[in-house]
Amino acid sequence: FLFTLLYLVLLASGMFIALASAQSLQTRDSYFGAWLIGAMAIFLIAFHEQIGIVASGNYSVYDRTLALIGVTFSFLPLAMYFWRERVYIFLWRRLKAANQLIEAGQYEGALKQAEAAIKQCSRVGIEDRFALPWSTKADALYRMRQYQKAAVFYETALKIDPKDSASWSNLGNILALEGRQEEAL
């Protein structure tokens with residue numbers, strides 16, 4: 001076994017991907033971590049095989065096809081993952097824009113972005129599992145001093161995520177402004 005720079009690069013890449021995979025197995029994206037483990041093996045083997053084919057000059061159709069299949073099937077699950085998760089990418093963009101508009105004092109624009117995020121959640125069936133669009137809309141209404149409407153959306157967000165401390169705090173402030181001190185506490 002000849003230890004070369006290529007093998008060192010392959011080994012380092014494989015170790016890095018394996019560590020990233022192990023870390024992601026601890027999160028909700030564990031299936032992504034499992035994909036990384038499998039793709040790491042397939043891709044590195046196919047890459048190494050392709051390097052061997054080029055170095056040896058043996059360009060048999062069988063060898064090239066195996067290498068191409070290995071590389072292709074290591075990237076196909078990744079493409080499927082991102083296709084499935086594209087909803088969240090668009091959703092996060094809307095929520096980021098809404099938060100930036102809130103910080104800039106453009107509450108009407110933030111409200112539109114938050115409403116679009118809620119509609120997007122509704123279209124894909126996650127409106128009852130994802131509280132951030134509701135609390136973002138409530139934040140815009142809160143800043144617009146439309147406290148009654150904001151309270152409704154904070155309560156909706158808290159039904160989804162009862163541990164959302166910012167929504168609890170803002171809902172408490174609204175109740176305090178209404179003179180409902182006991183409920184606010």
Side-chain angles (χ1 to χ4, degrees), residues 12-13 15-37 39-40 43 74-185:
S13 300
M15 290 175 63
F16 174 76
I17 292 171
L19 288 173
S21 301
Q23 179 62 31
S24 68
L25 287 172
Q26 299 173 358
T27 68
R28 75 168 192 84
D29 293 329
S30 60
Y31 55 91
F32 184 64
W35 168 82
L36 282 173
I37 292 171
M40 169 195 62
F43 178 75
S74 65
F75 285 106
L76 189 61
L78 182 62
M80 291 170 60
Y81 170 81
F82 283 116
W83 178 258
R84 192 176 78 76
E85 298 295 316
R86 74 189 183 285
V87 170
Y88 294 106
I89 294 168
F90 293 126
L91 185 61
W92 282 114
R93 271 203 239 149
R94 288 205 184 276
L95 293 173
K96 182 179 176 185
N99 282 323
Q100 289 172 341
L101 290 168
I102 288 172
E103 294 302 317
Q106 299 174 6
Y107 306 124
E108 290 294 331
L111 206 51
K112 288 179 184 177
Q113 290 292 327
E115 287 171 356
I118 290 170
K119 285 180 185 176
Q120 191 171 6
C121 286
S122 180
R123 274 195 305 269
V124 296
I126 60 170
E127 71 275 4
D128 61 340
R129 290 184 280 161
F130 196 54
L132 194 55
W134 301 101
S135 62
T136 302
K137 183 173 182 176
D139 289 344
L141 291 166
Y142 183 86
R143 300 269 181 102
M144 295 170 73
R145 301 181 192 273
Q146 295 181 15
Y147 299 123
Q148 293 300 318
K149 289 181 182 179
V152 170
F153 289 105
Y154 281 131
E155 289 171 357
T156 302
L158 289 169
K159 285 179 187 173
I160 298 167
D161 183 10
K163 296 180 181 181
D164 181 3
S165 60
S167 291
W168 279 117
S169 177
N170 290 335
L171 184 59
N173 290 340
I174 291 169
L175 293 171
L177 288 170
E178 293 175 351
R180 298 161 56 186
Q181 304 303 330
E182 285 297 315
E183 289 178 74
L185 289 174

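- In this structure, CD in E182 is found 11.5 Å from CG in L175, a value given to the nearest 0.5 Å.
- The side chain to side chain contact (heavy atoms under 4.5 Å, CB included) test applied to E155 returns L171, not counting sequence neighbours.
- N173 is linked by a side chain to side chain donor-acceptor pair (under 3.5 Å) to Y142, counting only residues two or more places apart in sequence or in another chain.
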Show me, pair by pair, the donor-acceptor contacts under 3.5 angstrom made by side chains of residues 97-119, not counting sequence neighbours?
| from | atom 1 | to | atom 2 | distance (Å) |
| --- | --- | --- | --- | --- |
| N99 | ND2 | L95 | O | 3.3 |
| E115 | OE2 | K137 | NZ | 3.3 |

Original post:
Is there a side-chain contact (heavy atoms from CB on, under 4.5 Å) between F130 and L91 once you walk through the steps?
Top reply: CA-CA 11 Å; F130 196 54; L91 185 61; 3.1 Å; yes
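- The side chain to side chain donor-acceptor pair (under 3.5 Å) search around E183 returns R180, not counting sequence neighbours.
- How far CZ of F153 is from OG of S135: 11.5 Å, rounded to the nearest 0.5 Å.
- Judged as a side chain to side chain donor-acceptor pair (under 3.5 Å), and not counting sequence neighbours, T136 has no contacts.
- Scanning for side chain to side chain contact (heavy atoms under 4.5 Å, CB included) contacts around A166 gives D164, with sequence neighbours left out.
- Between G172 and A184 the shortest heavy-atom distance is O-CB, 3.3 Å.
- One finds the CD atom of Q146 at 11.0 Å from the CD1 atom of I174 (value rounded to the nearest 0.5 Å).
- In this structure, the side chains of L141 and Y147 stay at 4.5 Å or more apart for every pair of heavy atoms.
- W168 meets the ring-ring contact (aromatic ring centres under 6.0 Å, His included) test with no other residue; sequence neighbours excluded.
- The CZ atom of R94 sits 10.5 Å away from atom SG of C121, with the distance rounded to the nearest 0.5 Å.
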